[in-house]
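For reference, the structure is listed below as structure tokens.
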Amino acid sequence: MTEESRAQGCLLGLACGDALGRPVEFKSASQIKSQHGKVIEMLANGTHGQPAGTITDDTEMALCIAESLVDKRGFDPSDVGNRFVDWLESDPFDIGLMTRDAVSHIRKGRPWDEAGVDVWESRPEGSNAGNGSVMRCAPHAIAFRHFDDELIHVSRLSSSITHADPRCQWGCVILNRTLANLIRGESDPLQKALGGIYDAPDELTTALKHVQKAIDGEVDQSRFEAKLKHSGYVVDSLQAGLYYGLTADSAESAIVQAVNEGDDADTVGAIAGAVAGARFGAKAIPNRWTEEIDEARRLKQLAKQLLSIRLKIPGKKHATLDDSSIVFKERTIEGPTYIPISEFQRAGIGHRPHPAPHRSIRTEYHDLTPATATMLDWEQRAYAVESGRTKNYKSSIPGPKGGRSKRQMVAVPQYSSVDSFDELPKVDQQRIEHDSQEAAEALIRACTAFTAIRHPITELETEAIGIDRMDPIAGATRVFLSPLGDLSGSLLGRNVCNGYDSPDEIEALLEGEDIGQVLVRNPNKVHSAVRNSQEVMSGAAAILDYVTNIRASQRTANLASYGQETTMEELRNQARQMVGELHVMYESLRRVAVRHPEVDYAEWRKMSSAYC
């Protein structure tokens with residue numbers, strides 16, 4: 001059985017359990033039996049008075065999460081919270097009390113990581129640990145199925161948007177780990193899911209260990225089933241749903257058994273259905289059920305998309321910096337883009353650690369790809385967090401108030417995984433903005449240096465320093481005006497090199513302007529700069545050559561005797577600075593090209609190879 005079948009079965013099973021249980025929600029098992037015999041078909045009316053096959057908040061909120069994961073190519077809790085708000089404003093016929101209160105807080109402007117905590121803290125024990133987050137969490141298990149650290153981290157955070165109680169958070173963790181194990185085809189999925197969960201509440205883990213004992217035959221299953229509760233309390237719902245999903249002979253029987261026990265029938269049915277669907281696959285979900293559910297096709301497509309959210313870094317088994325100080329293991333980030341800092345390893349020789357990454361990276365930027373640039377940036381961020389130099393990169397998703405997490409997570413840059421600059425996280429935008437600003441400022445410094453060469457030549461008509469009007473250096477500066485003007489027009493939005501302004505006038509011209517934003521908001525300017533680069537670099541080199549190799553008799557000429565303060569040595573220094581700044585500019589453009597999501601990198605490499 002394929003992962004795709006299991007993933008689709010998971011979401012379809014969730015929806016079928018939800019829709020089958022919706023008409024009999026809040027009814028007792030005896031009431032269901034007296035009114036319907038045994039519910040095995042989608043029923044109309046009943047609780048909430050909806051048509052047959054209608055899903056409830058269980059599936060609707062799971063859809064919000066799944067679509068956010070796909071659209072954002074990872075877990076964005078603010079986006080999930082906003083989608084919950086949109087859903088609330090659609091006036092759903094079924095919504096839990098804690099969910100309604102938390103989402104209402106978000107709608108009023110409360111941050112996502114405080115809204116759920118506020119609701120939890122305001123409620124007394126007995127009404128503060130509902131099943132409203134475990135019912136919807138399955139999409140995370142699909143996206144994070146191969147990465148346990150990330151799955152634990154995001155499951156807790158996603159729960160805390162509306163349900164911050166540790167029993168709810170860790171309930172999502174254990175259910176999602178179980179589902180991930182099933183989707184990967186692992187044996188003993190629940191037993192493995194319970195392993196290493198040391199911070200989970202004892203009440204929750206004890207209840208679920210009893211499920212494992214029932215699976216293993218260590219307790220009498222009939223007696224165990226008789227003691228199961230089907231309330232909206234997260235421990236009860238999860239215990240029952242996992243038991244039915246993991247012990248039934250088929251996906252259909254798991255859902256039917258869960259639903260016909262009544263009480264919170266739709267949510268226990270949804271949990272059992274998600275587990276059984278991941279266990280038996282999509283083909284095991286009865287067609288007569290899925291045909292009644294309008295969202296079935298959408299769910300299948302989302303499951304497929306969740307499996308294929310992909311950011312590869314790097315494209316080999318491991319990558320080391322040239323001092324061998326850091327090893328970054330090969331992995332594919334499927335879904336969220338957070339990596340535990342434990343994957344950052346610092347090696348040492350004796351008592352002396354190796355240098356920080358930013359001091360040891362030797363890779364030339366023209367050899368980087370978006371994937372390797374992502375890897376290197378992550379290593380630098382991980383080093384900064386691990387060494388205690390900053391907390392800025394330590395999981396851009398803050399943990400819920402009062403929660404404890406021993407795993408430090410560092411965000412992976414998303415240069416390659418979004419379509420536009422505005423979709424990038426703020427920290428990734430700031431990196432590109434910095435390089436864009438540096439490129440613009442380097443170009444201004446190059447223009448200023450050029451003007452410091454051109455201006456005295458223009459002012460003195462060349463005689464004062466022994467340069468004839470037809471001397472090559474005078475001609476070179478005139479010729480250089482055109483390509484340098486084109487380049488400044490592209491990157492700065494205006495031509496700042498007309499050949500007559502003084503250096504001070506050029507600096508004053510752009511003072512106070514956010515020149516870096518021209519490049520950030522117009523990434524096609526990067527390509528324009530490449531087209532101009534060969535002529536600009538050639539012209540700058542020619543000027544430097546002329547100034548450096550001017551006749552020996554002219555080298556000692558001093559403009560001070562003519563009432564000027566410029567010397568030939570100063571002109572040579574300006575020429576060297578001009579060439580150096582153009583190289584700084586171009587290297588900054590390379591850094592922008594390799595990271596800006598709107599730059600066609602393949603085209604950049606092609607043009608860069610042709611022109612440079």
Side-chain angles (χ1 to χ4, degrees), residues 5 7-27 29 31-33 35-67 87-88 90-96 99 131-132 134-139 142 230 232 237 241 244-245 248 250-304:
S5 176
Q8 290 180 336
C10 178
L11 295 189
L12 289 174
L14 186 157
C16 287
D18 179 25
L20 194 71
R22 188 265 312 155
V24 294
E25 185 181 16
F26 307 133
K27 297 182 183 296
Q31 288 176 319
I32 295 173
K33 185 175 182 180
Q35 294 177 18
H36 304 286
K38 189 175 186 178
V39 177
I40 59 173
E41 305 294 344
M42 295 290 173
L43 301 177
N45 302 314
T47 307
H48 305 298
Q50 298 296 314
T54 301
I55 59 173
T56 75
D57 54 342
D58 302 57
T59 309
E60 288 170 344
M61 297 189 82
L63 281 166
C64 290
I65 292 174
E67 290 175 340
W87 169 72
L88 177 64
S90 71
D91 194 24
F93 63 83
D94 186 21
I95 182 171
T99 297
N131 56 19
V134 294
M135 70 185 191
R136 69 182 189 231
C137 67
I142 301 174
H230 305 81
S237 298
Y244 296 133
S250 68
E252 180 176 356
S253 63
I255 294 171
V256 167
Q257 187 175 11
V259 165
N260 281 273
E261 292 297 331
D263 205 345
D264 204 345
D266 61 334
T267 295
V268 178
I271 295 171
V275 173
R279 183 176 164 214
F280 293 105
K283 291 183 178 179
I285 308 296
N287 289 335
R288 69 181 192 279
W289 288 353
T290 57
E291 288 171 358
E292 296 275 3
I293 297 175
D294 293 339
E295 295 80 5
R297 185 174 181 180
R298 181 176 162 204
L299 287 164
K300 290 182 69 174
Q301 182 62 28
L302 281 169
K304 189 174 181 179

Under 4.5 Å between any side-chain heavy atoms of [X] and [Y], yes or no?
{"X": "I285", "Y": "C16", "value": "yes"}
{"X": "L14", "Y": "L299", "value": "no"}
{"X": "E295", "Y": "E60", "value": "no"}
{"X": "I293", "Y": "M42", "value": "yes"}
{"X": "M135", "Y": "D18", "value": "no"}
{"X": "C137", "Y": "I65", "value": "no"}

Without swapping roles, check the side chain of [X] against the backbone of [Y] for a donor-acceptor pair under 3.5 Å.
{"X": "W289", "Y": "I40", "answer": "yes"}
{"X": "Q8", "Y": "A303", "answer": "no"}
{"X": "R136", "Y": "C64", "answer": "no"}
{"X": "R22", "Y": "N45", "answer": "yes"}
{"X": "T99", "Y": "G132", "answer": "no"}

For the atom pair [atom1] ([X]) and [atom2] ([Y]), what is the distance rounded to the nearest 0.5 Å?
{"X": "C10", "Y": "I142", "atom1": "SG", "atom2": "CD1", "value": "5.0 Å"}
{"X": "E261", "Y": "K33", "atom1": "CD", "atom2": "NZ", "value": "11.0 Å"}
{"X": "D94", "Y": "E25", "atom1": "CG", "atom2": "CD", "value": "5.0 Å"}
{"X": "K300", "Y": "S5", "atom1": "NZ", "atom2": "OG", "value": "9.0 Å"}
{"X": "E292", "Y": "L43", "atom1": "CD", "atom2": "CG", "value": "9.5 Å"}

For residues 266-278, which side-chain N or O atoms pair as donor and acceptor with protein atoms under 3.5 Å away, sequence neighbours left out?
| unit_1 | atom_1 | unit_2 | atom_2 | d |
| --- | --- | --- | --- | --- |
| D266 | OD2 | T56 | OG1 | 3.2 |
| T267 | OG1 | D58 | OD2 | 2.6 |

- Do V24 and Q35 pass the side chain to side chain contact (heavy atoms under 4.5 Å, CB included) test, and can you show the C-alpha distance, the side-chain angles, and the key distance before you say yes or no? CA-CA 10 Å; V24 294; Q35 294 177 18; over 6 Å; no
- Sequence neighbours excluded, which residues qualify as ring-ring contact (aromatic ring centres under 6.0 Å, His included) partners of F93?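 So F93 forms a ring-ring contact (aromatic ring centres under 6.0 Å, His included) with H48.
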- Message: E41: which residues meet the salt bridge (charged side-chain N to carboxylate O under 4.0 Å, His left out) condition with it, sequence neighbours left out?
- Response: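 Partners of E41 by the salt bridge (charged side-chain N to carboxylate O under 4.0 Å, His left out) criterion, ordered by chain and then number, come out as R288.
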- Shortest non-hydrogen separation from A19 to P23 and the atoms involved: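 Distance-wise, the nearest heavy atoms are O-CD, 3.3 Å.
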